[in-house]
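To keep things clear, I will list the structure first and then write my remarks on it.
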Amino acid sequence: MFPNAKAEVCVSNFLLRGVGPLSLSPSHSSSCFKMLFSYCVINTVSRCEFFFCPCVQFTVTPLCCPSRSSILSGRYPHNHGVRNNSVSGNCSSAGWQKGPESEALPVYLSKQKYQTFFAGKYLNQYGSKAGGGVGHVPLGWDQWHALVGNSQYYNYTLSVNGKEEKHGDVYEKDYLPDLIRNRSLQFLDNRSPQHPFFLMLSLPAPHSPWTAAPQYQKEFSDVKAPRDGSFDKPGKDKHWLLRQPTNPMPNSSVGFLDEAYRKRWRTLLSVDDLVEMLVQKLKDIKELNNTYIFYTSDNGYHTGQFSLPIDKRQLYEFDIRVPLLVRGPGIKANITVQAPVLNIDLTPTILDIAGTNLSSVNTDGFSYLPLMAPSLRNGSARSFFLVEYSGEGQSTEDPSCPKLGPGVSECFPDCVCEDAFNNTYACVRALEGPNDLQYCEFADSESFVEVYNMTSDPHQLENIVKKVDPAVLQAMNQRLIKLQSCVGSSCREVKGARLLL
């Protein structure tokens, strides 16, 4: 995302580029920078030096619609009210539209005379009858090209400024990643040079159904999912959903997840094309040096970790840690921000760059501009934060897994279910000097607790809840209670004594 900024930061345009789920866990870090979700470009009026800055980013919830709602609003799920991908879970519901959506990022940018453009997947239930249909265009967007429903590459419907536009299966005119690319390039050509711009591009790749462009369908034929870290390790000391997969995984599951991994990579080659052409366009129109570019994802993804075939929704690093690259004025070359930033920080960061008075904006997140460009802003980093998720299940048993009965969902033929009603949890993730901890509580019949020393055990192989000093557990519990009820500034002001293992 790229908002305007005050004079000392440079008045900026923005481009936000978004893709489907991508992991930045230790198991996937070698390949993550080819697989990023969100790409923002902010244009600036004055000439400034800028480079890419890798940051350690986490999602506050590892699922599409709640995470995207957090990105747009800058709020934790318990404050924007979106619990899952269903309308009943507030995904693109009337309550979301009347509440947090009416105070979302583009609304503030529009007030600052930004020319705003959106293309791609918005929220999973967008365009449904219960979600207001295709005629609903969220406030703040000047140009609106939103996908109806969940990710597709062909045979989809768009809302184009509130009017239905149907597409078929002809690559040259219907392939969604290329359509997003072409319409964003057209927007840049037709923009007014008198005002800054903001583009948010949310591509389906690498989300299922993993349909690659024709020219890329044979690439990566020898690639397999990474076998390091927690790949195919038993979840014997974890909550019940992680204890039920067969270990080791059957060959059918391994073959399936390897093919899914290859297909995901293939779809991302079209994302590479989009990024290359957009950067070249910004050069051609002499705006690249005036632009912030953010490149990130809404949630992580696992392929075989703890014998779970493919999905997200879990509390572990592979599902909550996502890539983030930022390029823009004032950012020095070859630096990595080690302090954690969250997806709820994107909106306040962009608005900070755009010159908005953040005290007037209702967000739970920080601006991380001081972390990326300390010469432009003073600020401090958080030391711990909240991750929360509300599990989903079916009221009847899944035919793929009848032995587990009702209450589960996202089940595979080998009777591995990736979600359940009681896969509902809240975690405190603490990064305080040498102490890198995760503490999680489940809302299930076991009141299950998981604790990990992320310094000595980055792959979360051992739940150390029975080995930790009870005083540490109590302190983490108190932090969790405060974070689960925080609102706005109180989410940024939660304090706690330094923990020692």
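Heavy atoms only: backbone and side chains are in, while hydrogens, waters and symmetry mates are out. Just so you know, residue 1 is the first one in the sequence shown, and it goes up from there. Because the structure is predicted, anything quoted here is derived from the model rather than measured.
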Pair T349-M372, side chain to side chain contact (heavy atoms under 4.5 Å, CB included): steps then yes or no: CA-CA 10 Å; T349 300; M372 298 188 298; 4.1 Å; yes
Within 45° cone of F448 ring axis and under 6.0 Å: R243 NZ or CZ: yes
Contacts of S110 that satisfy side chain to side chain contact (heavy atoms under 4.5 Å, CB included) - sequence neighbours left out: none
Test item: F294 and L346 side chains (from C-beta on) under 4.5 Å apart, heavy atoms: yes
Pair K238, N463: side-chain N/O donor-acceptor within cut-off below 3.5 Å: no
Partners passing side-chain hydrogen bond (donor to acceptor under 3.5 Å, both in side chains) against S151 (at least two apart in sequence or in another chain): none
Residues S93 and N90: side-chain donor-acceptor under 3.5 angstrom: yes
Pair T363-I344, side chain to side chain contact (heavy atoms under 4.5 Å, CB included): steps then yes or no: CA-CA 8 Å; T363 68; I344 59 172; over 6 Å; no
CA sep, side-chain torsions, deciding dist, call: S102, Q97, side-chain hydrogen bond (donor to acceptor under 3.5 Å, both in side chains): CA-CA 6 Å; S102 67; Q97 292 167 9; over 6 Å; no
No-hydrogen, no-angle side-chain donor-acceptor test under 3.5 Å, D232 and S307: yes
Residue Q474 excluded, over 12 heavy atoms near CD under 6.0 Å: no
Heavy-atom closest contact (D345 atom, G365 atom, distance): OD1-CA, 3.2 Å
Residues 395-405 side chain polar contacts: donor-acceptor under 3.5 Å, at least two apart:
unit_1	atom_1	unit_2	atom_2	d
D398	OD1	S400	N	2.7
D398	OD1	S400	OG	3.4

Listed partners of D258 passing salt bridge (Lys or Arg N to Asp or Glu O under 4.0 Å), at least two apart: R227
Test log, rule side-chain hydrogen bond (donor to acceptor under 3.5 Å, both in side chains), inputs T59 and S67: CA-CA 7 Å; T59 179; S67 179; 3.1 Å; yes
Minimum heavy-atom distance between V341 and L371, given as atom pair plus value: CG1-CD1, 4.0 Å
Listed partners of S88 passing side-chain hydrogen bond (donor to acceptor under 3.5 Å, both in side chains), at least two apart: S86
Candidate pair N357 and S359, rule side-chain hydrogen bond (donor to acceptor under 3.5 Å, both in side chains), full reasoning: CA-CA 5 Å; N357 181 352; S359 65; 2.6 Å; yes
Shortest non-hydrogen contact from P340 toward L431: CG-CD1, 4.0 Å
D444: partners by salt bridge (Lys or Arg N to Asp or Glu O under 4.0 Å), with sequence neighbours left out: none
Distance-only donor-acceptor hits, side chain of residues 73-81, under 3.5 Å, sequence neighbours excluded:
unit_1	atom_1	unit_2	atom_2	d
S73	OG	S69	O	2.7
S73	OG	R75	N	3.2
R75	NE	N362	O	3.1
R75	NH2	E103	OE1	2.5
Y76	OH	L386	N	3.3
H78	ND1	E388	OE1	3.3
H78	ND1	E388	OE2	2.9
H78	NE2	C486	O	2.8
N79	ND2	D364	OD1	3.4
N79	ND2	D364	OD2	2.9
N79	ND2	C486	O	3.0
H80	ND1	V82	N	3.0
H80	NE2	P66	O	3.2
H80	NE2	S70	OG	2.9

Considering all heavy atoms, the nearest T267-A205 contact: OG1-CB, 3.4 Å
Salt bridge flag under 4.0 Å for residues D419 and R313: yes
Mutual orientation of the aromatic rings belonging to H136 and Y126 [parallel < 30°, tilted 30-60°, perpendicular > 60°]: tilted
Short N-O contact, D298 and K312, less than 4.0 angstrom: no
Pi-cation contact, F384 with R479 (under 6.0 Å, within 45°): yes
Pairing residues for V449 by the side chain to side chain contact (heavy atoms under 4.5 Å, CB included) criterion, not counting sequence neighbours: Y439, E441, V451, V465
Closest contact, heavy atoms only, E392 versus N85: OE2-N, 3.9 Å
Row check, Y261 ring normal vs K224 NZ/CZ: under 6.0 Å, within 45°: no
Residues forming a side-chain hydrogen bond (donor to acceptor under 3.5 Å, both in side chains) with Y368, sequence neighbours excluded: none
Pairing residues for Y389 by the ring-ring contact (aromatic ring centres under 6.0 Å, His included) criterion, not counting sequence neighbours: Y425
Separation of C491 SG from Q484 CD (nearest 0.5 Å): 11.5 Å
Side chain to side chain contact (heavy atoms under 4.5 Å, CB included) evaluation trace for C64 with K121: CA-CA 10 Å; C64 315; K121 175 182 172 179; 3.7 Å; yes
Donor-acceptor pair between N423 and W240 side chains, under 3.5 angstrom: no
No-hydrogen, no-angle side-chain donor-acceptor test under 3.5 Å, S253 and D414: yes
Atom pair CG/CD of L242 and Q244 - distance to nearest 0.5 Å: 8.0 Å
Ring geometry between F318 and F306 (parallel below 30°, tilted from 30 to 60°, perpendicular above 60°): tilted
Test side chain to side chain contact (heavy atoms under 4.5 Å, CB included) applied to L201 and F118, step by step: CA-CA 6 Å; L201 310 181; F118 180 89; over 6 Å; no
Exercise: identify the closest heavy-atom pair between C91 and L123: SG-CB, 4.1 Å
Residues forming a side chain to side chain contact (heavy atoms under 4.5 Å, CB included) with F412, sequence neighbours excluded: F256, P309, I310, E418
Test salt bridge (charged side-chain N to carboxylate O under 4.0 Å, His left out) applied to R429 and E317, step by step: CA-CA 10 Å; R429 185 75 162 79; E317 290 286 279; 3.1 Å; yes
Ring geometry between F385 and F58 (parallel below 30°, tilted from 30 to 60°, perpendicular above 60°): tilted
Qualifying residues under side-chain hydrogen bond (donor to acceptor under 3.5 Å, both in side chains), relative to S409, sequence neighbours excluded: none
Distance-only donor-acceptor check, side chains S202 and R68, under 3.5 Å: yes
Ring center gap for W144 and Y122 short of 6.0 angstrom: yes
